[in-house]
Amino acid sequence: MQSTFQGINHSTFHVAVIMDGNGRWATSRGLSRSEGHKEGSKAVRRVAETAPTLDITTLTLYAFSSDNWKRPTNEVNHLMALFYEFLYAEKERCIANGIRLSVIGRRDRLSLPLRAAIKMAETATSFGQTMHLRIAIDYSARDSILRTASRLETRQEISRELFARLLAETNHSGAVDPDVDLLIRTGGERRLSDFMLWESAYAELVFSEKMWPDFDEDDLAAAVREFHQRDRRFGELSVLV
Ligand code: IPE
Ligand code: IPE
Ligand code: MG
């Protein structure tokens with residue numbers, strides 16, 4: 001959680017969430033998958049409001065992977081409409097709560113109105129100091145790494161810090177992405193699905209059986225409690241022995 005970048009010490013707590021299970025939540029209730037996504041957006045609001053009370057400084061939520069374009073067009077269109085609505089609906093709440101909102105991932109395949117909504121929300125919330133909320137849309141960790149690598153000049157001196165900075169630029173994430181401290185996946189699957197592969201090198205993983213629309217404040221608090229009980233060693237010997 002302590003990171004040093006360019007000689008400055010930052011105390012950061014970066015939690016990233018793979019918000020999985022919207023579709024199963026809906027179909028098990030006889031609802032359409034789109035209704036599951038709508039209910040999932042309510043969970044986003046709950047979790048984003050609780051996160052600062054748990055000292056989370058960056059919260060990155062995986063909303064749409066680059067592979068999710070392969071889903072049926074009506075599901076994709078519904079998701080894109082939901083993102084657009086979310087950005088407009090949440091802007092004021094983010095400003096009121098000091099939350100800086102960003103969208104990470106590719107922009108060039110998003111519609112022009114959605115791109116404009118992203119810019120609007122990012123600009124309006126850019127002074128937020130309480131927490132950085134990042135929504136990953138059209139995000140693929142492998143593509144981000146690949147696009148960052150392809151921007152490097154041959155023979156350029158490259159350090160992890162410089163690469164991380166370039167990666168943040170690729171992701172439209174501002175100055176630098178802090179490493180992920182805690183990675184949560186809901187929905188019962190135990191895989192990363194191309195999310196934050198570079199940034200999660202030493203992340204603690206917590207898997208929840210709950211479907212994302214059912215994930216609430218207490219579940220987030222429980223995951224954070226579990227994180228604080230883990231012994232993070234980063235390859236060194238435990239300070240506890
Ligand atoms: C996660 O829920 C949201 C997105 C991937 C957009 P899913 O839609 O993957 O829900 P399940 O996994 O099919 O239940
Ligand atoms: C990962 O979930 C992407 C998001 C939660 C946005 P998926 O449902 O797309 O992942 P897989 O297909 O089960 O690996
Ligand atoms: Mg899924």
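Index from 1, following the sequence.
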message = Is a donor from one side chain sitting under 3.5 angstrom from an acceptor on the other, for Thr170 and Thr148?
response = yes
ask   = Taking the hydrophobic residues Ile, Leu, Val, Met, Phe, Trp and Tyr, and joining any pair whose side-chain heavy atoms are under 4.5 Å apart, which ones share a cluster with Trp25?
value = Leu31, Met211
task = State whether the side chain of Ser111 and the backbone N or O of Leu114 hold a donor-acceptor pair below 3.5 Å, judged by distance alone.
result = yes
ask   = Any donor-acceptor pair under 3.5 Å linking the side chain of Ser200 with the backbone of Leu197?
value = no
inquiry  = Quick check on the hydrophobic clustering: are Leu152 and Leu146 connected, directly or via other members, by side-chain heavy-atom contacts under 4.5 Å?
reply    = no
message = With rounding to the nearest 0.5 angstrom, report the CD to CD1 distance, Glu153 to Ile158.
response = 10.5 Å
query = Do Arg107 and Asp138 pass the salt bridge (Lys or Arg N to Asp or Glu O under 4.0 Å) test, and can you show the C-alpha distance, the side-chain angles, and the key distance before you say yes or no?
reply = CA-CA 7 Å; Arg107 300 258 166 114; Asp138 196 1; over 6 Å; no
task = Verify the cluster assignment for Ile95 and Leu87: are they in a single hydrophobic cluster under the rule of side-chain heavy atoms below 4.5 Å apart?
result = no
request  = Could you walk me through whether Arg29 and Glu35 pass the salt bridge (Lys or Arg N to Asp or Glu O under 4.0 Å) test, one step at a time?
outcome  = CA-CA 10 Å; Arg29 288 166 172 75; Glu35 285 171 284; over 6 Å; no
note = Value for OG (Ser34) from CG (Leu79), rounded to nearest 0.5 Å, stands at 7.0 Å
ask   = Just checking, any donor-acceptor pair under 3.5 angstrom between side chains of Thr60 and His14?
value = yes
Nearest atoms (heavy-atom pairs only) where Tyr84 meets Pro113 = CE1-O, 3.5 Å
query = Should Leu192 and Met196 count as side-chain neighbours, where that means a heavy-atom distance under 4.5 Å?
reply = no
query = Side chains of His132 and Thr57: do they bring a donor and an acceptor to under 3.5 Å?
reply = no
message = Side chains of Phe83 and Val103, heavy atoms from C-beta outward: is any pair under 4.5 Å?
response = no
request  = Report yes if the side chains of Leu59 and Met131 come closer than 4.5 Å at any heavy-atom pair, otherwise no.
outcome  = yes
inquiry  = In terms of relative ring orientation, are Trp212 and Phe215 parallel, tilted or perpendicular, with 30° and 60° separating the classes?
reply    = parallel
query = Under a 4.5 Å cut-off applied to non-hydrogen side-chain atoms, are Arg185 and Phe195 in contact?
reply = no
key: Closest heavy-atom pair and its distance - Thr130, Pro52   = CG2-CB, 3.8 Å
task = Determine the interplanar angle of the Phe64 and Trp69 rings, folded into 0 to 90°, and report it as parallel if under 30°, tilted if 30 to 60°, perpendicular if over 60°.
result = perpendicular
query = Minimum heavy-atom separation for Pro213 to Gly36, with atom names?
reply = CG-O, 3.8 Å
key: Step-by-step side-chain contact (heavy atoms from CB on, under 4.5 Å) determination, Val224 to Ile56   = CA-CA 9 Å; Val224 168; Ile56 294 169; 4.2 Å; yes
key: pair Val15-Thr58: side-chain heavy atoms closer than 4.5 Å   = no
query = Can Glu85 and Lys38 be said to form a side-chain contact (heavy atoms from CB on, under 4.5 Å), step by step?
reply = CA-CA 11 Å; Glu85 276 169 36; Lys38 180 123 196 87; 3.8 Å; yes
request  = Quick one: do Glu226 and Arg230 satisfy salt bridge (Lys or Arg N to Asp or Glu O under 4.0 Å)? Show the steps, please.
outcome  = CA-CA 7 Å; Glu226 180 165 348; Arg230 303 267 178 99; 2.6 Å; yes
ask   = Are Leu82 and Val47 connected in a single hydrophobic cluster, I mean Ile/Leu/Val/Met/Phe/Trp/Tyr linked by side-chain heavy atoms less than 4.5 Å apart?
value = no
Asp143 CG to Ser66 OG distance, which is reported to the nearest 0.5 Å = 5.5 Å
message = Does His37 form a side-chain contact (heavy atoms from CB on, under 4.5 Å) with Glu75? I'd like the steps, not just the answer.
response = CA-CA 9 Å; His37 296 312; Glu75 181 170 348; 2.8 Å; yes
Test item: Asn68 side-chain N/O and Ser65 main-chain N/O as donor-acceptor pair under 3.5 Å = yes
Check: Glu122 and Leu101 side chains under 4.5 Å, non-hydrogen atoms = no
inquiry  = Tell me whether the count of non-hydrogen atoms from other residues, nucleotides or ligands lying under 6.0 Å of CZ in Arg142 goes above 12.
reply    = no
request  = Determine whether Asp20 and Glu189 make a side-chain contact, defined as any pair of heavy atoms from C-beta on separated by less than 4.5 Å.
outcome  = yes
inquiry  = Using 0.5 Å steps for rounding, measure from the CG atom of Asn97 to the CD atom of Glu92.
reply    = 11.5 Å
task = Please lay out, stage by stage, how Leu133 and Ile135 fare under the test side-chain contact (heavy atoms from CB on, under 4.5 Å).
result = CA-CA 7 Å; Leu133 173 62; Ile135 313 283; 4.2 Å; yes
key: Residue pair Ile118 / Leu110, side-chain heavy-atom distance below 4.5 Å   = yes
key: Heavy-atom closest pair, residues Arg24 and Gly187   = NH1-O, 2.8 Å
message = Measuring from atom OH of Tyr62 to atom CD1 of Ile137, what distance do you get when rounded to the nearest 0.5 angstrom?
response = 12.0 Å
inquiry  = Tell me the closest heavy-atom pair linking Ser144 and Asn171, and the distance in Å.
reply    = OG-OD1, 2.7 Å
task = Any chance you could measure Arg233, atom CZ, to Tyr202, atom OH, to the nearest 0.5 Å?
result = 10.5 Å
More than 12 heavy atoms from other groups under 6.0 Å of NZ on Lys210 = yes
key: Heavy-atom closest pair, residues Asp214 and Arg46   = C-NH2, 4.2 Å
